[in-house]
Amino acid sequence: MAEEPTGVRLRVRGRTVAEYVLDDPEVDPRWGRRPYLHPVRTLAGLVVTDTLPEDHRWHLGVSVAMQDVSGTNLWGGRTYVRGTGYTWRDDHGQIVHDGWLPEPTAAPGGGFAERLRWRDPAGRTLLTEERRVVAAELPGRTDAWLLDVGYALTAPADRDIRLGSPATNGRPDGAGYGGFFWRVAPGRHRACTATAEGEERANGSTEPWLALVGETGDRSYTLVFAGLADGDHWFVRTGIYPGVCVALAFARTLPIPAGTAVRRRHRIVVADGELTRAEIARLGAVPAT
């Protein structure tokens, strides 16, 4: 690849379903600059992500970030400080694209792989990341497609790294967010898992899948998330804002010993319309590509 593009378009059935932004100059450094997917669309063209919303300017479409990476805020916004609460601090780092890796062969033209660096405020590398993103068809369905996101976070050879969240830093009420995060488009929303209905019961759960049904105007869509690892929890909001996170440090910090990696892989079905419980359960079991 002679010249690196500024972004990538993902296509399914000949339609652009997602755009990947490597670096957005409109993102203030305090918002945690990082690559992200936006807009993400259903096959019928309905946008199901939001970016730079007024309520949380640091929510950037679909991205991976943590509020506490050994003391550096890579999530954006204020930092939660034990005994004080949310506080503006000069602790914001940046996640930067560091080169392309060979394109995934599973979906030529529908995916990419890259290397990234998670940097502290001084520019030092906290973590290196390898990320793989694929958009794929779902056999037998013309109303839905599959987003497959995998990533590995590797600590430096000479330093342990600790991942934390507002919850691990003392915030109550299940605010253990941080990890793979999807800021959902504005509208009406409801969340469910296999055994729970609503934000209060779904938040903090460890069910195999979580679904969010959204409505924009007179059009509806369903997002089905899967891919929790041991120790992960679902973080979900449908009230003050709509969003879903695979939280890596929901209740306790996650250490990454020097030279080792934390690996995750998530599958998200993006479907037009409000799917039935039975359909959601089947799609929640769709294997990774």
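Heavy-atom minimum distance, Ala202 versus Ser205: O-OG, 2.7 Å. Closest approach of Tyr80 and Pro172 over heavy atoms only: OH-CD, 4.1 Å. Closest of all the heavy-atom pairs between Arg201 and Ala196 is CB-CB, 3.7 Å. Here the closest non-hydrogen pair linking Ala211 and Ile280 is CB-CG2, 3.6 Å. Residues Val40 and Ala18 come closest through the heavy atom pair CG2-CB, 4.1 Å. When all heavy atoms of Arg78 and Asn73 are compared, the closest pair comes out as O-ND2, 3.8 Å.
Under the 30°/60° scheme for interplanar angles, the aromatic rings of His97 and Trp100 are found to be tilted. Under the 30°/60° scheme for interplanar angles, the aromatic rings of His266 and Phe180 are found to be tilted. Using the six-membered ring where Trp is involved, Trp58 and Trp31 have ring planes that are tilted, between 30° and 60° apart. In this pair, His59 and Tyr241 present their aromatic rings perpendicular. The plane angle is above 60°, beyond the 30 to 60° band.
Arg115 CZ to Leu101 CG: the interatomic distance, rounded to the nearest 0.5 Å, is 5.5 Å. Note that the CG atom of Leu223 and the CG atom of Leu210 stand 10.0 Å from one another [nearest 0.5 Å]. The distance from the CG atom of Asp98 to the OG1 atom of Thr125 is 7.5 Å, given to the nearest 0.5 Å. Here the OG1 atom belonging to Thr206 is positioned 10.0 Å from the CG atom belonging to Asp232, to the nearest 0.5 angstrom. Annotation: the span from Thr49 atom OG1 to His38 atom NE2 amounts to 4.5 Å, rounded to 0.5 Å. In this structure, CZ in Arg117 is found 6.5 Å from OG1 in Thr128, a value given to the nearest 0.5 Å.
In terms of modelled atom types and a separation under 3.5 Å, the side chain of Ser70 and the main chain of Arg162 share a donor-acceptor contact. For Arg57 (side chain) and Leu52 (main-chain N/O), a donor-acceptor pair under 3.5 Å exists by modelled atom type. A distance-only check finds a donor-acceptor pair linking the side chain of Trp234 to the backbone of Glu207 [under 3.5 Å]. The backbone N or O of Leu153 sits nowhere less than 3.5 Å from a side-chain atom of Arg264 that would complete a donor-acceptor pair. Between the Thr238 side chain and the Ala191 main chain, no donor and acceptor come within less than 3.5 Å of each other. A donor-acceptor distance shorter than 3.5 angstrom exists from the side chain of Arg188 to the backbone of Gly217, with no hydrogens or angles considered. Between the side chain of His92 and the backbone N or O of Gly77, at least one donor-acceptor pair lies under 3.5 Å. With Ser165 contributing its side chain and Thr168 its backbone, the two residues share a donor-acceptor pair below 3.5 Å.
For the pair Leu74/Arg34, no side-chain contact is recorded, criterion being any heavy-atom separation below 4.5 Å from C-beta on. Put simply, the side chain of Tyr177 reaches to within 4.5 Å of the side chain of Arg171, judged on heavy atoms. Two residues are said to be in side-chain contact when any heavy atoms from C-beta on lie closer than 4.5 Å; Leu37 and Leu147 meet this criterion. You'll find the side chain of Arg267 reaches within 4.5 Å of the side chain of Leu146, heavy atoms only. Val47 places a side-chain heavy atom less than 4.5 Å from the side chain of Arg41. Residues Asp24 and Tyr36 meet the side-chain proximity criterion, which asks for heavy atoms closer than 4.5 Å. In this structure the side chain of Arg132 reaches within 4.5 angstrom of the side chain of Asp148, judged on heavy atoms. Leu163 is not listed as a side-chain neighbour of Thr253, based on a closest heavy-atom distance of 4.5 Å or more.
We find that Asp55 and Arg183 are joined by a salt bridge, their nearest charged nitrogen and carboxylate oxygen being less than 4.0 Å apart. Between Arg9 and Glu19 a salt bridge is recorded (basic side-chain N to carboxylate O distance below 4.0 Å). Of the charged side-chain nitrogens involved, at least one lies within less than 4.0 Å of a carboxylate oxygen, so that Glu279 and Arg141 count as a salt-bridged pair.
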For Thr142 and Arg13, run side chain to side chain contact (heavy atoms under 4.5 Å, CB included): C-alpha distance rounded to whole Å, both residues' side-chain angles, the deciding distance at 0.1 Å, then the answer.
CA-CA 9 Å; Thr142 59; Arg13 295 182 177 271; 4.0 Å; yes
Given side chain to side chain contact (heavy atoms under 4.5 Å, CB included), test Glu114 with Val8 step by step and report yes or no.
CA-CA 11 Å; Glu114 66 172 329; Val8 178; over 6 Å; no
Check the pair Leu46 / Thr216 against side chain to side chain contact (heavy atoms under 4.5 Å, CB included), numbers first and verdict last.
CA-CA 8 Å; Leu46 186 62; Thr216 301; 4.3 Å; yes
Show your reasoning for whether side chain to side chain contact (heavy atoms under 4.5 Å, CB included) applies to Val224 and Arg282.
CA-CA 10 Å; Val224 185; Arg282 285 196 298 270; over 6 Å; no
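Under the side chain to side chain contact (heavy atoms under 4.5 Å, CB included) criterion, Arg89 pairs with Thr79, Val81, Thr87, Asp91, not counting sequence neighbours.
Between Phe225 and the options Trp182, Trp209, Phe235, a ring pair (Phe, Tyr, Trp, His ring centres under 6.0 Å) holds for only Trp182. Screening Glu215, Glu274, Glu199 for a salt bridge (charged side-chain N to carboxylate O under 4.0 Å, His left out) involving Arg190 leaves a single residue, Glu274. Partner of Met66 under the side-chain contact (heavy atoms from CB on, under 4.5 Å) criterion, out of Val69, Asp68, Val64: Val69 alone.
Cluster annotation: Leu127 is not connected to Val96 through the hydrophobic network of ILVMFWY side chains, with a link wherever side-chain heavy atoms come within less than 4.5 Å. Note: the hydrophobic cluster containing Val213 does not contain Val48 (ILVMFWY, side chain heavy atoms under 4.5 Å, direct or indirect links).
When the shell of 6.0 Å around CZ of Arg252 is examined, it contains 12 or fewer heavy atoms from other residues, nucleotides or ligands.
Stacking of Arg30 on the aromatic ring of Trp88 is recorded, both the 6.0 Å distance cut-off and the 45° axial limit being met.
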